[in-house]
Asker: 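My structure is below; once you've seen it, I'll send some questions.
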Number of protein chains: 4
Amino acid sequence: MVSGMPRSTCPEPPRKGRTGRPRSAEADAAILRATRASLVDLGFSKLTMADVAARAGVAKTTLYRRWANKNELVVDAVAVLFDELELPDRGSLASDVEGVVLQFATLLEQPETKTALMGVVAESTCDDALRARIRSAIVERQKRLVVDGRRRAQERGELPREEDPRAADRNTDLVFDVVAGAVVHRVLVSAEPVDEEWARRFTLLLLSGIGALSG
Amino acid sequence: MVSGMPRSTCPEPPRKGRTGRPRSAEADAAILRATRASLVDLGFSKLTMADVAARAGVAKTTLYRRWANKNELVVDAVAVLFDELELPDRGSLASDVEGVVLQFATLLEQPETKTALMGVVAESTCDDALRARIRSAIVERQKRLVVDGRRRAQERGELPREEDPRAADRNTDLVFDVVAGAVVHRVLVSAEPVDEEWARRFTLLLLSGIGALSG
Amino acid sequence: MVSGMPRSTCPEPPRKGRTGRPRSAEADAAILRATRASLVDLGFSKLTMADVAARAGVAKTTLYRRWANKNELVVDAVAVLFDELELPDRGSLASDVEGVVLQFATLLEQPETKTALMGVVAESTCDDALRARIRSAIVERQKRLVVDGRRRAQERGELPREEDPRAADRNTDLVFDVVAGAVVHRVLVSAEPVDEEWARRFTLLLLSGIGALSG
Amino acid sequence: MVSGMPRSTCPEPPRKGRTGRPRSAEADAAILRATRASLVDLGFSKLTMADVAARAGVAKTTLYRRWANKNELVVDAVAVLFDELELPDRGSLASDVEGVVLQFATLLEQPETKTALMGVVAESTCDDALRARIRSAIVERQKRLVVDGRRRAQERGELPREEDPRAADRNTDLVFDVVAGAVVHRVLVSAEPVDEEWARRFTLLLLSGIGALSG
DNA sequence: GAGTAATCGAGACGGTACGTCTCGTCTTGTT
DNA sequence: AACAAGACGAGACGTACCGTCTCGATTACTC
């Protein structure tokens, strides 16, 4: 992902300001690590706060002092994984798209990512606060991949410059839903592998479609 | 959905054959109805077997006699909703696709559908049996919408006949993942509405892309 | 026990009178046998109607057609064991008493007897109908051992004839409570064996005490 | 009962030693009180852990944290009642025995005592751990009444000093089984009242018998 | 370097749902 | 009618987590 991005996912801050024993930064890291490990072993729905605490060598109180509940903890534990996604410069828009699709699929095929992502998305269907946290911690951050990709293609002359910024936004959202949706659906619902051949055919479909939108 | 489809989702059958009191068909229906009602009120993760039983006017034992656990029950309760999807004949492929996209979005915006679908998909990331049940009860059944749509477009002359049946299958799968994935992502992850304008732009993208695949 | 005693313990009779298929006598016997077997294996509190039915090769309905509940069934299944008790003629009152005490202890040390007897007595503390059934099926039948023993001792001249029949009854009850109570307490509460030495010392205590009552 | 006796019945202690929130002593007391109340209202076999918890204003978990099951809980709840038994000094052995017999009968006629005592004794026929708990919490504690009574009678010169301590123990056990057994059988099995007249006649029988043993 | 205040581990607490078990009744078709 | 089979409503079982609450014991800043 684009570097220099400020970390938005962090445990909620201590209330007041100054005095008293400061929170252990080691504990923070150990908890997030333990959460990911527990996700791998148990999956989202069987993960328990007590198990995470035990793995992290920490008391349950220490978890609840930082995160209000399991959902928020899991979002934060997983969000950092998405920061690894980067837009490679492979010389052409098509190659760049194929590269991102394969990266994204690789990420989704890791057990901790897929079980956590779908778990929190499922919870978010009934929990507005959680949905907001997912959007800010994960979705909006990924969307930059689309924006940067288009900008780079425009610099190469592969895509025309957008004139209407509103239309540009609409297209960003559409393309993002198509790319992320197709990969997620392929991996998690259809449960079929995303290999180079699939990535190539998907990219062909996508870029032809985008061309029709712009033209 | 295509009519005449046999119902595949049903509680597991009594073991032997003939003797003893037969299971109540009313109870079956009441339980599935109660499950959907409970999904609307509580969401997937807060739905409890006891609550479903109480709503259905049935003992908990009666639930467990038919379904091994909450996941399987919810899959069956929701699968029937997808049977409502139909491929309308609006005179052109583009109109047909727009129609199906809007129907699908409407279905996903119902609280019982979205919370249940994501809930069971999340569970299925750690449960192969559940994933298989979802595929047979939901995914494979929906895929016929793509097959029928292409056949109809070919009859109209909007699409060329496929020569290689393997390529046809691959394209069916790709198109299905793109359509279902984009709509699901739009509705559940991006949490933006699927209106006629979005459907039109998505269809434009999709059909241009399909044209490139075939041509 | 005294022979020629009419069997008082039997399943409740069919309601009306004549028509329809007659009840299976084999089932009656199989059920009582199965009840005793289940008592040995599981104890009173873990014995279940379904288990008894399965052991007897009979449907649960068949049990409930004959006995109102588990307590009544167990009383009947066990009562018959007490019919084995007999008053041997060993030539002297002391020897007769020792013999009966040892017989009774042997009976109580069988697992089916002890678990069943205490189980139903425990239930009877809250169930008048059950207490009545226990009294008629077990207690009153055993009491004849005391009556017969005294009569025989009087015939031998070991005990004086009672003049007041009311006093005789009172003494019968007292002696019965002392004998049965002491043996039951020794075996079930103190959990110590009733051997010949204990029987001799108990008999010495008892007969001296009886002498004081009569003299 | 003899005063100054240390309370031996208590919930199982927390495992380790020092850390963590200590167990609530109020909860302990409330649970034992609630258990006795539930015994009175429902009897042993219908008493449920959930009902006890509700009466005590305590969660079910709190019960299971202290007692492994209903039997152990009931033993502890009832054992304390037997501590009330005392050996009165009425000036003669006969009077003392009559007093204890009447006290014991009064205790056994209370519904919570009789239903609980027989209930746990019944269970103990299949449960060695429970039998051991009953012996240590109830039986052995009561036996001191016999020991103290004999010592006092010897001090008064009503009974000879025992020379052989083994014989003394054997007689203690025998007398205890006779006294406790007779009263329990009279009250719970024969279901007849223990009044002053019965106590007088029983004491006459017992003391004459004891005299024969010693002489 | 004494106080103060928030941290830490541990584990008990009141709740609630789980999935299993048994109860005693009922509904089938068969004998 | 009685029978075997087994579904049914009811509700207790003992376990597992939840998120909160005491405890006593550490830290760091502040005075």
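Protein chains get the first letters and strands the later ones, always in sequence-line order, with residue 1 at the start of each.
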Asker: Tell me the interatomic distance from A:Glu72, atom CD, to F:dG19, atom C1', rounded to whole angstroms.
Answerer: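 Rounded to whole Å, this separation is 14 Å.
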Asker: Tell me whether the side-chain N/O atoms of C:Arg66 come closer than 4.0 Å to OP1 or OP2 in F:dC3.
Answerer: yes
Asker: Whole-Å distance between F:dG6 P and C:Leu63 CG?
Answerer: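 In whole Å, F:dG6 P lies 17 Å from C:Leu63 CG.
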Asker: Could you grab the distance from atom CG of C:Leu39 to atom CG of C:Asp51, nearest 0.5 Å is fine?
Answerer: 10.0 Å
Asker: Quickly work out the B:Asp28 CG to F:dC8 C1' distance and round it to whole Å.
Answerer: 13 Å
Asker: Once rounded to the nearest 0.5 Å, what's the spacing between atom OG of D:Ser38 and atom CZ of D:Arg33?
Answerer: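 If I round to the nearest 0.5 Å, the distance is 14.0 Å.
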Asker: Measure the distance from CZ on C:Arg65 to C1' on E:dC26 and round it to the nearest whole Å.
Answerer: 12 Å
Asker: Distance criterion of 3.5 Å, no angle test: do you see the side chain of C:Thr61 paired donor-to-acceptor with the base of F:dA5?
Answerer: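 Side chain to base: pair found, below 3.5 Å.
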Asker: Pick out which of C:Val120, C:Val78, C:Ile31 makes a side chain to side chain contact (heavy atoms under 4.5 Å, CB included) with C:Leu73.
Answerer: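 The side chain to side chain contact (heavy atoms under 4.5 Å, CB included) with C:Leu73 is passed solely by C:Ile31 among C:Val120, C:Val78, C:Ile31.
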Asker: Below the 4.0 Å mark, does F:dA4 have OP1 or OP2 next to a side-chain nitrogen or oxygen of C:Thr62?
Answerer: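 Answer is yes, contact under 4.0 Å.
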Asker: By nearest heavy atom, map C:Asn69 and D:Ala59 onto DNA chain E; which one lands nearer the 5' end?
Answerer: D:Ala59
Asker: Please report, rounded to the nearest Å, how far the C1' atom of F:dT27 is from the CD atom of A:Glu26.
Answerer: 14 Å
Asker: What integer distance in Å separates A:Ile31:CD1 from E:dG9:C1'?
Answerer: 13 Å
Asker: Rounding to an integer number of Å, can you tell me how far B:Tyr64 OH sits from F:dA10 C1'?
Answerer: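 B:Tyr64 atom OH is separated from F:dA10 atom C1' by 15 Å.
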Asker: On DNA chain F, nearest-nucleotide positions of B:Ser24 versus B:Gly20: which is more 5'?
Answerer: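 Comparing both residues, the 5'-ward one is B:Gly20.
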Asker: I'd like to know if C:Arg66 and C:Asp28 make a salt bridge, using a cut-off of under 4.0 Å between side-chain N and carboxylate O.
Answerer: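 Between C:Asp28 and C:Arg66 there is a salt bridge, with a charged N closer than 4.0 Å to a carboxylate O.
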Asker: Judged by each residue's nearest nucleotide on DNA chain F, which is more toward the 5′ side, B:Pro22 or D:Pro22?
Answerer: B:Pro22
Asker: Measure the distance from CG on A:Leu73 to P on F:dC17 and round it to the nearest whole Å.
Answerer: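 From A:Leu73 CG to F:dC17 P: 16 Å.
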Asker: Heavy-atom nearest nucleotide on DNA chain E for C:Lys70 versus D:Val58: which residue maps closer to 5'?
Answerer: D:Val58
Asker: Any donor-acceptor pair under 3.5 Å linking the side chain of C:Lys70 with the backbone of C:Leu47?
Answerer: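 Side chain of C:Lys70 to backbone of C:Leu47: a pair is present.
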Asker: Below 4.0 angstrom, N of the basic side chain to O of the carboxylate: do A:Arg36 and A:Asp41 qualify?
Answerer: no
Asker: Does anything in residues 120-129 of chain B form a salt bridge (charged side-chain N to carboxylate O under 4.0 Å, His left out)? List the pairs, not counting sequence neighbours.
Answerer: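 Passing the test, one end in residues 120-129 of chain B: B:Asp128-B:Arg131.
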Asker: In Å, rounded to the nearest 0.5 Å, how long is the span from CZ of C:Arg133 to CG of C:Leu130?
Answerer: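 Output value for this atom pair is 8.5 Å.
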Asker: Taking any heavy-atom pair under 4.0 Å as a contact, classify B:Lys60: base, sugar-phosphate, or nothing.
Answerer: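 Here B:Lys60 touches the bases of the nucleic acid.
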Asker: Reckon D:Arg21 has a side-chain N or O less than 4.0 Å from the OP1 or OP2 of E:dG14?
Answerer: no
Asker: Phosphate oxygens OP1/OP2 of E:dT7: is one of them under 4.0 Å from a side-chain N or O of A:Arg23?
Answerer: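 Yes, because at least one side-chain N or O of A:Arg23 sits under 4.0 Å from OP1 or OP2 of E:dT7.
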Asker: Within residues 37-56 of chain C, find the residues that approach DNA chain E with a heavy atom at under 4.0 Å, and present them sorted by residue number.
Answerer: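 DNA chain E contact set from residues 37-56 of chain C: C:Leu47, C:Thr48, C:Met49, C:Ala50.
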